[in-house]
Amino acid sequence: MEYVSAIVPPLVMAVGFAFLVRAIIRSQGGAQKSKEDAAAEALAARSSAE
């Protein structure tokens, strides 16, 4: 049964990482994309003007 306790933590981390990547990919684009792009461009323009 030691092999079960050895494989569980990496397996849990792998599943968690997969959900994290999925959440990041799903948050790209969508209804807020143009608003986020405008905010990022305004911030970039402000920092380059200084």
Side-chain angles (χ1 to χ4, degrees):
M1 289 302 288
E2 290 182 22
Y3 63 91
V4 173
S5 63
I7 197 69
V8 168
L11 190 63
V12 170
M13 291 298 291
V15 170
F17 185 71
F19 277 110
L20 176 65
V21 170
R22 180 176 171 257
I24 291 171
I25 291 172
R26 288 177 59 103
S27 70
Q28 301 298 312
Q32 299 293 325
K33 183 170 178 25
S34 61
K35 185 177 178 182
E36 293 170 0
D37 288 345
E41 288 173 10
L43 183 62
R46 187 180 340 151
S47 65
S48 65
E50 292 178 355

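There is no path of hydrophobic side-chain contacts, each under 4.5 Å, that joins M13 to V21.
Counting Ile, Leu, Val, Met, Phe, Trp and Tyr side chains that sit under 4.5 Å apart, directly or through other members, F19 shares a hydrophobic cluster with V15.
Contact detail for P10 and A6: the closest heavy-atom pair is CD-O, 3.4 Å.
By the side-chain contact (heavy atoms from CB on, under 4.5 Å) test, V12 is found to be paired with V8, residues two or more places apart in sequence or in another chain being considered. Under the rule for a side-chain contact (heavy atoms from CB on, under 4.5 Å), the partners of I24 that lie at least two apart in sequence or sit in another chain are L20, Q28.
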